[in-house]
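Structure first, then comments.
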Amino acid sequence: MMGKLLVHATAEGLSAGRIVETEAYCGPEDGAAHSHNWRRTARTETMWGPPGHAYMFLIYGMHWCFNAVVAADGVPHAVLIRAIEPIEGVELMAARRGMAATRRELTNGPGKLCAALGLDAAHKGVDLVGPGLFLSEGRGTGEEGAIKTSPRINIDYAGEWVDKPWRWYEAGNRYVSVKPKE
DNA sequence: AGGCCGATCTTCT
DNA sequence: GAAGATCGGCCTC
């Protein structure tokens with residue numbers, strides 16, 4: 001998923017960003033995943049389905065987060081997109097976010113990038129083949145940083161799973177949500 | 001630059 | 001009835 005382009009086409013226009021930060025959630029074993037302990041409910045149903053669909057969830061009653069379901073039908077694994085680098089439709093994203101297009105706060109978090117791309121409840125379960133919402137190969141700028149890993153963000157509740165290095169981010173990219181220590 | 005806190009509501013207990 | 005895969009405003013240093 002890292003480095004690919006996440007594209008959303010609407011009547012307002014096209015907006016897209018290059019994926020620079022992700023986290024893997026591997027239920028049912030993974031204590032941090034919404035699908036942990038075989039939890040299969042109306043909310044998580046998409047995660048249990050076939051790969052290539054959008055698992056959207058509302059967090060803290062306010063922010064939508066986008067995941068790509070990635071494993072076989074019946075295996076509830078998903079990749080949370082935590083940050084993108086704006087590539088296409090940057091002014092449209094800025095308008096949706098109500099801030100200047102140059103700020104890193106435009107898309108440096110899972111809720112922020114959804115607001116910027118215009119993703120919400122309407123995208124629950126949608127097929128990522130398109131035409132509205134889809135992934136495509138990113139175009140290299142030749143300035144990509146190395147891909148690094150770290151523990152996942154804000155999953156203190158997850159017991160022994162807290163320390164799994166299942167977060168990936170592009171080193172040095174200004175849109176990465178949480179700056180690495182050291 | 002970094003810490004604290006309130007917002008706001010679905011989901012599951 | 002509580003907690004949460006977050007965000008942004010306001011505060012202090």
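The analysis underlying the following values was restricted to heavy atoms, covering all of them including side chains, and did not include hydrogens, waters or symmetry mates. Every chain is numbered from 1 and lettered A, B, ... according to where its sequence line falls, protein lines coming before strand lines.
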For residues 61-72 of chain A, which side-chain donor-acceptor pairs fall under 3.5 Å, sequence neighbours excluded?
from	atom 1	to	atom 2	distance (Å)
Asn67(A)	ND2	Tyr55(A)	O	3.2

Inset, instruction - Would you tell me whether Thr44(A) and Arg39(A) have side-chain atoms, one donor and one acceptor, within less than 3.5 Å of each other? - result: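 There is no such pair (donor and acceptor under 3.5 Å, judged by atom type) between the side chains of Thr44(A) and Arg39(A).
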Legend entry - Lys112(A)/Glu105(A) under salt bridge (Lys or Arg N to Asp or Glu O under 4.0 Å): CA gap, chis, key distance, verdict: CA-CA 7 Å; Lys112(A) 298 175 195 176; Glu105(A) 286 79 11; over 6 Å; no
Legend entry - Hydrophobic cluster membership, Val176(A) vs Ile84(A), 4.5 Å side-chain cutoff: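 No, it is not one cluster - the side chains of Val176(A) and Ile84(A) are not joined through contacts under 4.5 Å.
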Legend entry - Within residues 72-82 of chain A: residues closer than 4.0 Å to DNA chain C (heavy atoms):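 Of all residues in residues 72-82 of chain A, the ones placing a heavy atom under 4.0 Å from DNA chain C are Leu80(A), Arg82(A).
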Inset, instruction - Please confirm whether the backbone N or O of Ile153(A) pairs with a side-chain atom of Glu23(A), one donor and one acceptor, at under 3.5 Å? - result: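 Looks like yes, one N/O pair under 3.5 Å.
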Would you mind reading off the distance between [X] atom [atom1] and [N] atom [atom2], rounded to a whole angstrom?
X         : N      : atom1 : atom2 : answer
Leu119(A) : dT6(C) : CG    : P     : 16 Å
Tyr25(A)  : dG4(C) : OH    : C1'   : 12 Å
Leu58(A)  : dT6(C) : CG    : P     : 12 Å
Ile59(A)  : dG4(C) : CD1   : P     : 9 Å
Met1(A)   : dA5(C) : CE    : P     : 20 Å
Asp120(A) : dT6(C) : CG    : P     : 18 Å
Asn67(A)  : dT6(C) : CG    : P     : 11 Å

Legend entry - Face-on cation placement of Arg152(A) at Tyr25(A) ring, 6.0 Å and 45° thresholds: yes
Inset, instruction - Name the residue closer to the 5' end of DNA chain C, choosing between Pro110(A) and Gly61(A) according to the nucleotide with the nearest heavy atom. - result: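 By nearest-heavy-atom nucleotide position, the 5'-most residue is Gly61(A).
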Inset, instruction - Verify the contact: side-chain N or O of Asn154(A) to OP1 or OP2 of dT6(C), cut-off strictly under 4.0 Å; return yes or no. - result: yes
Inset, instruction - Determine: side-chain N/O of Tyr157(A) to OP1/OP2 of dA5(C), distance under 4.0 Å, yes or no. - result: yes
Legend entry - Aromatic ring pairing Trp166(A)/Trp161(A), orientation class (parallel under 30°, perpendicular over 60°, tilted between):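 It falls in the tilted class, 30° to 60°.
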Legend entry - Strand DNA chain C in bracket notation, Watson-Crick/G-U under 3.5 Å with | for pairs to another chain: ||||.|||||||.
Inset, instruction - For Lys124(A) and for Met62(A), locate the closest nucleotide of DNA chain B by heavy-atom distance; then report the residue assigned to the nucleotide nearer the 5' terminus. - result: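 Final value for this comparison: Met62(A).
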Inset, instruction - List the steps, then state whether side chain to side chain contact (heavy atoms under 4.5 Å, CB included) holds for Glu88(A) with Leu5(A). - result: CA-CA 10 Å; Glu88(A) 206 48 65; Leu5(A) 220 50; over 6 Å; no
Legend entry - Sequence neighbours excluded - ring-ring contact (aromatic ring centres under 6.0 Å, His included) pairs with any residue from residues 86-109 of chain A: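 ring-ring contact (aromatic ring centres under 6.0 Å, His included) check on residues 86-109 of chain A returns no pairs.
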Inset, instruction - For residues Leu80(A) and Pro110(A), report the shortest heavy-atom separation together with the two atoms involved. - result: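 Closest approach of Leu80(A) to Pro110(A), heavy atoms only: CD1-CB, 4.2 Å.
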Legend entry - Nucleotide-resolved protein contact map, nucleotides 8-13 of chain C, B/S/- at heavy-atom distance under 4.0 Å: S-----
Legend entry - Residue-level proximity of residues 34-44 of chain A to DNA chain B when a heavy atom falls under 4.0 Å: Arg39(A), Thr41(A), Arg43(A)
